[in-house]
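If you're wondering where the values come from, they're calculated on a predicted model, not measured in any experiment.
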Amino acid sequence: MTEVATTTTMEAAAKATALTDKELSPEEERVLIRDIALTAEANTKEGDFFFLITQKWWQNWIDYVNQDQQPNNNNNSEGSSSLAGNSDSNGSGISKRPSGIDNSDLIPDGPAEDANSEDSVEIHDTLLEGRDYVLLPQQVWNQLYSWYGGGPALSRKVINSGLSQTEFAVEVYPLRLQLLVTPKGDRSTIRISKKETIGELHRRACEIFHLNLEQVCIWDYYGHRKHALMNDMDKTLDDANIQMDQDILVEVLNNVNDSALSGGTSCPDNGFPDKEATSALLEPSKSGLSIAGGLSANKIASRGYSAEQSQNQTLGYSSKESDNNLGNSGVITRGTFGGLTGLLNLGNTCFMNSAIQCLVHTPEFARYFREDYHQEINWQNPLGMVGELALAFGELLRKLWAPGRTPVAPRPFKAKLARFAPQFSGYNQHDSQELLAFLLDGLHEDLNRVKHKPYINSRDADGRPDEEVADEYWANHIARNDSIIVDVCQGQYKSTLVCPVCNKVSVTFDPFMYLSLPLQFTTTRSMTITIFACDGSALPSTCTVTVPKQGRCRDLIQAVSSACSLKQTEEIKLVEACAIRNHLIHRFLDDSFISLSSIKDDDHLAAYKVQKSAKSNVLIQLIHRRQEQETSDAQRWKPFGTPLVSSLSCDGAIRSGDIQTIVQTMLIPLLKEGIEHSDDSDPNTSGMATDPSDHGSGEVDNNCASTSTNKVLPKLPLQLIDEGKTCIDLSAGDEKAIDVSAASPIVVYLDWSSKLLEKYNINYLENLPEVFKYGPITKKARTEPLSLYSCLEAFLREEPLVPEDMWYCPQCKEQRQASKKLDLWRLPEVLVIHLKRFSYSRSMKHKVETFVNFPIHDFDLTNYVADKRSSRSQLYELYALTNHYGGMGSGHYTAHIKLLDENRWYNFDDSHISPINEEDVKSAAAYVLFYRRAMSDTSGSGVAVSRRARDKTSYKH
């Protein structure tokens, strides 16, 4: 196994080794494990190993190392709660030091299924992260094992995952495949990573059955049908869409040149004598709560605990109602009006069930898919699923609307979903909104009435009326996209971009399928920082950035670096105002793991752009002083303003003139216009703002320097305090050698006389803005419940683009951080609203539990629609929503749905359906809301047809 070979991990390992010679206190263990974990997770890469440790032992260790902590101490700022050491103990009693690590609960008593498996020890099929085990980086496991011993070691490899293959996942459960040999009838079960190649599967199969590679060909035998000959040896099993617990047909040839013995598309008897045993392999294992991944969005945390067993704890279900029983004990749901049929949970499929029920109970879709929609299937659309997704969804919808049925097992639909959207394969928990977005887009492409999409080049607005441009954009969209999904769910919004430099305005009108609304004051925070460019290139300026509310200093430094266009040779030195006590810098915020929650909104932040640190560089801190009247007849020099920071190379001898030049350079932007030299300065000793010296910091901006080449700058009264606390006058001469150490910064005092103050604009050094300034209206608003209207207003509010999404200004011919403003222009019949409860960053994951007060009736959007031509009602009624209960990466999805025929609300909890009161619909668990336009045509298909006809006739010019 390989470890992350980084300097930081080596340092942590060396520190851990040094500490093993003495017995550590619980607090020392906790801090050391936390530091090792944070370093390891930040440097995780493909091929690294994570280790499973039983949750029981881990919790005992958590209680042990937190026994000195205050009860209910919140350590969320330290990162992942498990590694930060959050304890669930109630604070009573003293926890004993745990005995050796015991992972025996995680492994079966019998032998492993496959002795040839390279994935180490086999574990139980139904383990859940957070309930049965935790995942720890290899470095953390090594340290715990050196202290406690025990085992066995259960290692699992980190793989790339996600559509972009840039996310990480711990493959807790590699693929389990059934190898079937024909015509011999042999069989074997193996475990293999989905990132292994087809060539490796060939090699493993031949090794198990003692065959030569030239003797066999291997088929994707999903559902006991030959789907594809697996002959691309470099293709991964993941790319080949091989699923957990599926069959692989190993076909033995007569000779090397012969074709497969059963070359047809299926094998009726497959050469197996025991047909009953064979038929048992047709469906996935019922205990297949396998966790194929864990680290989503670059975070080191498995999503395995999202399995449905967690609902038994969260929602108080009895064990008999556990989803793993596949609904065998479920209640038969019979409805007079139909539509009260539940969906069996196949293992972590509540995310899918809740989204499907909301779509199925959308009246327009219910009518459309219960009629003959086959003539609208687009069989040739390269962007679609050759109609298979639409057919599978339509078949499932008809089953759910058939009266008097027991709960339906959506296995055929899930199989189709896995074939066309591998990210939803397996039995992991997923985001129901992500699935919903895929379904709406996939169904649209399968049912797109446009068989040959025309190429249309959209024209720029060029000052034309918005109404004309919007209609043109919509007509162009309809010419390429025309389906029941567009008829029902798609709207249009106006997007306005304004260049901050040339004020170029760009207006576009784009379609939307749903609105993703932010929950304000929860996941992010705005922070204002004053930036000092210490190379003399610019005046101090303020910058406001948006960072994760639960983020760390590294998030803030990265945001500031992007916002101020930091050069590759520069870095940011961050100082908190509480650290600038008495106008002196006491510490820099160098620790990237410091929680941003420690920085209060009424604090002040300063950021200095300095040359990247080198071993031979030393920081210079410039402290400002001026005379203040202390008594009636005595004055004293006292610090004032914000200190400045720069850097200086220590490669050679440092002279007083070097420091004089660097300080003069830092103050160039503050020099008042017309000031060229000091009246009392000696021209022979005055500094020139060209180059600090042969061994200067190298920070002076060439452009700035060139403008000051002929400007004689005032000689500055500087005093340096050396390591011996001796005061050295730097204005006495330029050639005086200064003895400094790179280990500590140089502290220089600038005494501002009244005459010197007249030459510089020092207002920029005083009165730094607060990190966040509240207005009286904002304060009041934050004390009120968060409404859906305020979320919509936040979505439509003008704001600057984030640095990663810079806009190319066609007039400036450069990337610009433009301001963006959205306006609703055209609303759909069914408005889907996604509440953004989940946020991700590299170091953490977060769920917003904020209660959003959303209207059930009369959701009035009249004032939010920019197009005032329409006489149609903009009132909407809620008819369905999905809920998410539990924490991030875990929990359970349900749906609340109103049967319009009955005018009654029901709770759809997988296979269990129960009526609820309307006042119980609202909760902090609401996630995706489905609204339907009020007073619309009662015929869903009629609405679709009339709208489509209106759209196609009203946009002719």
## Note on the structure
Heavy-atom closest pair (Ile529 atom, Ala606 atom, distance to 0.1 Å) is CG2-C, 4.1 Å

#### Entry: Residue pair Thr528 / Thr542, side-chain donor-acceptor N/O under 3.5 Å
no

### Check: Trp752 ring centre within less than 6.0 Å of Tyr760 ring centre
yes

### Task
Report yes if some heavy atom in the side chain of Cys502 is under 4.5 Å from a heavy atom in the side chain of Cys809; otherwise report no.
yes

### Query
Would you call Leu667 and Leu750 a side-chain contact if the rule is heavy atoms closer than 4.5 Å?
yes

#### Entry: Glu799 CD to Thr546 OG1 distance, which is reported to the nearest 0.5 Å
7.0 Å

### Query
Can you find a pair of side-chain heavy atoms, one from Val645 and one from Ile620, that are under 4.5 Å apart?
no

### Query
Is the CD atom of Gln558 crowded by more than 12 outside heavy atoms at less than 6.0 Å?
no

### Query
Hey, are Glu758 and Lys755 close enough for a salt bridge, meaning a charged N less than 4.0 Å from a carboxylate O?
no

### Task
Would you please test Glu27 and Arg34 for salt bridge (Lys or Arg N to Asp or Glu O under 4.0 Å) and show each step?
CA-CA 11 Å; Glu27 175 64 13; Arg34 179 202 65 188; over 6 Å; no

### Task
Would you please say whether a donor-acceptor pair under 3.5 Å links the side chains of Ser819 and Glu798?
yes

#### Entry: Ser787 OG to Leu792 CG distance, which is reported to the nearest 0.5 Å
9.5 Å

### Ion pair Glu814/Arg816, N-O distance below 4.0 Å
yes

### Task
Could you point out which residue of Gln815, Lys504, Lys820 forms a side chain to side chain contact (heavy atoms under 4.5 Å, CB included) with Trp807?
Lys504

### Message
Are more than 12 heavy atoms, taken from residues, nucleotides or ligands other than Tyr764, located less than 6.0 Å from that residue's OH atom?
### Response
no

### Query
Is there a side-chain contact between Ile746 and Gln621, using heavy atoms and a 4.5 Å cut-off?
no

## Note on the structure
In this structure, CD1 of Ile662 is separated from CG of Leu718 (nearest 0.5 Å) by 11.0 Å

### Query
So, the side chain of His624 versus the backbone of Gly641: is there a donor-acceptor pair under 3.5 Å, distance only?
no

### Task
Rounded to the nearest 0.5 Å, what's the gap from CD on Gln664 to CG on Leu716? Could you check?
5.0 Å

### Message
As an exercise, state the distance from OG of Ser646 to CE of Met666, rounded to the nearest 0.5 Å.
### Response
5.0 Å

#### Entry: Distance, nearest 0.5 Å, that separates CZ of Phe588 from CG of Leu619
5.5 Å

